[in-house]
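Worksheet: the structure to be examined is printed underneath.
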Amino acid sequence: MKQKLISTGLALADLIHRHPKRITAVIAAFLLGGGGGAFAVASLAPTAPTEPVRLVSEAVEPSSLLAQIDALEEYAFKLYRTEVTRAPETPESLLKRMGVADPAAAAFLRRDETSRQVLFGRAGRTVTVEASAEQALLSLRTQWLEKSTDEQFKRLVVEKTATGFTARVETAPLVASQRLASGIIESTLFAATDEARVPDSVTKQLTEMFDSDVDFHRGLRKGDRFSIVYETLQADGEPMRAGRILSAEFANRGKTLQAMWFQEPGAKGGYYAFDGQSLRKAYLLAPLEFSRMSSGFGMRNHPVLGYQREHKGVDYAAPTGTAVRTIGDGVVEFAGVQNGYGNVIYVKHRNKSATVYAHLSRISVKTGDNVMQGETIGAVGMTGIATGPHLHFEYRINNEPQDPSILAEQRENVPVSPGSKAAFAKLAAGMKLQLAAAGQISSASAQ
């Protein structure tokens, strides 16, 4: 009898050792369901409850608990992690940083030419891995753009299969999402947009939208505000580059400007004020995106000749190589070298007007070319009679020099067509709400 009890005890101990979770679950089920035990909890409240207390008991089936325990034992956990590549990187160091300990995977990444070219020697590329609970690599992915303007992205996929690892490169379209941003100018526009984490390409678009109404060279004031709704283009949820500004608001010197992108069916898109009027003017205010005016229009002491002489245009100080753009649509009348102008370009516009761009280091157009407003036609230099790199700019009507400040009065009035007014109004209503939400961002941060 004693030997039989010992054998039974050993068998029971072995059963508990092999199935501890099941035994625990059965005991719990018995206590909760079949044991009929009652538990009392002392109330620490200052007063007794006014509502009657009811005891509700429900039997728990042990079999359902055992099934859940079996499912948990069979479940294979997967680990995910994302890191950014570093320039001096090896397969082992990359995988180690991502919590993967898999010599076979490291060996594959080293010998696979595609993986080696995409992942190593390139800093800043986001990589995501999927690994098993044992830290073995299951898959690895990364995305990139061939060119910064691409509408599609490349994706490297490394996967573990029954026969080993494989690698392939896929192509997929970027997905556009929207981002709201706003800021207050304390010193410069770029400092404010950097603070708001707005990409430089979006800041450039902002200046292009409003440069016919805002003098970004001299006219910004501390306290000026901006709010922007713009596209961010993503690859598998990872932001790759900024897209187009969808709507924007700029408050400058007490005047608030608003605009939104709208494209009529079969037409070229553009920016419009919320009243449906095109933002596009006949001329831009300046032929450079960012610079400072170093010499105005009218009489002055010539810096080289040393005596008073009429200055027929304005000068913009800027580093050599700075892009020069035409302020309006037109035809290149002359592009070459001329007297004290050095390398110079004449552009003929409508209504017998013309513009002159002188002292260029580079000419990017030729006589007879059609040019569009904002198109780069050359670069700042100091050819001809010049004491330093700058752009000499003239505006002429009937070949008579005019003060370029009158360019601000030249406006094109191109409203939305009657057939598109309903669609425009609907889009404008949504954009106003988004700009209001964007404006709250800077208000909240200021508080």
Side-chain angles (χ1 to χ4, degrees), residues 207-219 278-300 309-386 389-414:
T207 63
E208 290 174 349
M209 288 173 65
F210 296 121
D211 64 359
S212 293
D213 295 288
V214 177
D215 186 348
F216 287 98
H217 306 292
R218 300 168 299 167
S278 172
L279 225 65
R280 189 177 190 269
K281 293 186 177 181
Y283 300 109
L284 301 176
L285 283 178
L288 302 180
E289 292 182 11
F290 292 97
S291 69
R292 63 179 178 84
M293 187 182 294
S294 55
S295 183
F297 181 83
M299 296 299 294
R300 65 164 184 172
R309 183 177 179 180
E310 184 180 10
H311 193 217
K312 298 181 179 180
V314 295
D315 292 343
Y316 292 96
T320 297
T322 302
V324 174
R325 58 186 182 172
T326 175
I327 65 164
D329 300 345
V331 179
V332 178
E333 272 195 314
F334 178 81
V337 181
Q338 189 180 75
N339 301 328
Y341 283 144
N343 292 331
V344 62
I345 299 172
Y346 288 74
V347 177
K348 183 179 180 181
H349 307 286
R350 63 181 187 175
N351 299 330
K352 300 181 180 180
S353 62
T355 49
V356 181
Y357 312 80
H359 305 313
L360 304 173
S361 63
R362 182 181 70 251
I363 295 176
S364 304
V365 293
K366 61 182 183 299
T367 301
D369 282 353
N370 290 303
V371 292
M372 301 291 291
Q373 183 183 93
E375 181 178 339
T376 297
I377 58 175
V380 170
M382 53 182 296
T383 57
I385 301 176
H390 71 283
L391 173 71
H392 173 79
F393 172 72
E394 295 181 17
Y395 176 61
R396 299 179 177 184
I397 298 178
N398 290 324
N399 207 32
E400 289 294 324
Q402 307 290 326
D403 187 343
S405 64
I406 68 174
L407 289 170
E409 303 170 4
Q410 310 296 320
R411 176 181 289 278
E412 276 187 350
N413 187 12
V414 185

*Mind checking the CZ-CG spacing from Arg325 to Leu391? Nearest 0.5 Å is all I need.*
11.5 Å
*Minimal non-hydrogen separation, Val344 against Tyr341, with atom names*: CB-CB, 3.9 Å
_Working to the nearest 0.5 angstrom, can you tell me the gap between Ile327 CD1 and Thr355 OG1?_
5.0 Å
*Would you please classify the geometry between the Phe393 ring and the Tyr357 ring as parallel, tilted or perpendicular, with 30° and 60° separating the classes?*
tilted
*Kindly give the heavy-atom pair with the smallest separation between Ser361 and Gly321, and that separation in Å.*
OG-N, 4.1 Å
*The single option from Val332, Thr376, Ile345 passing side chain to side chain contact (heavy atoms under 4.5 Å, CB included) against Val371*: Val332
*asked:* I need the minimum non-hydrogen distance between Ile363 and Ala335, along with the two atoms involved.
replied: CG2-CB, 4.0 Å
*Atom NZ in Lys352, atom CD in Glu400: separation rounded to 0.5 Å?*
13.0 Å
*Any side-chain heavy-atom pair of Val324 and Leu288 under 4.5 Å*: yes
_Minimum heavy-atom distance between Pro389 and Pro319, given as atom pair plus value_ = CB-C, 4.5 Å
_Apply side-chain contact (heavy atoms from CB on, under 4.5 Å) to residues Leu284 and Gln373 and explain how you reach the verdict._
CA-CA 8 Å; Leu284 301 176; Gln373 183 183 93; 3.7 Å; yes
*Is a side-chain donor or acceptor of Thr383 paired with a backbone partner of Leu360 at a separation under 3.5 angstrom?*
yes
_Return the CE to CG distance between Met372 and Asp329, rounded to the nearest 0.5 Å._
4.5 Å
*What distance do His390 atom NE2 and Tyr316 atom OH have between them, rounded to the nearest 0.5 Å?*
12.0 Å
_Under a 3.5 Å distance rule, please check whether Glu333 uses its side chain to pair with a backbone N or O of Val331 as donor and acceptor._
no
_Leu279 vs Phe210 side-chain heavy atoms within contact, under 4.5 Å_ = yes
_Atom pair CG/CD of Asn370 and Glu375 - distance to nearest 0.5 Å_ = 9.0 Å
_Quick check: do Arg362 and Asn343 have side-chain heavy atoms less than 4.5 Å from each other?_
no
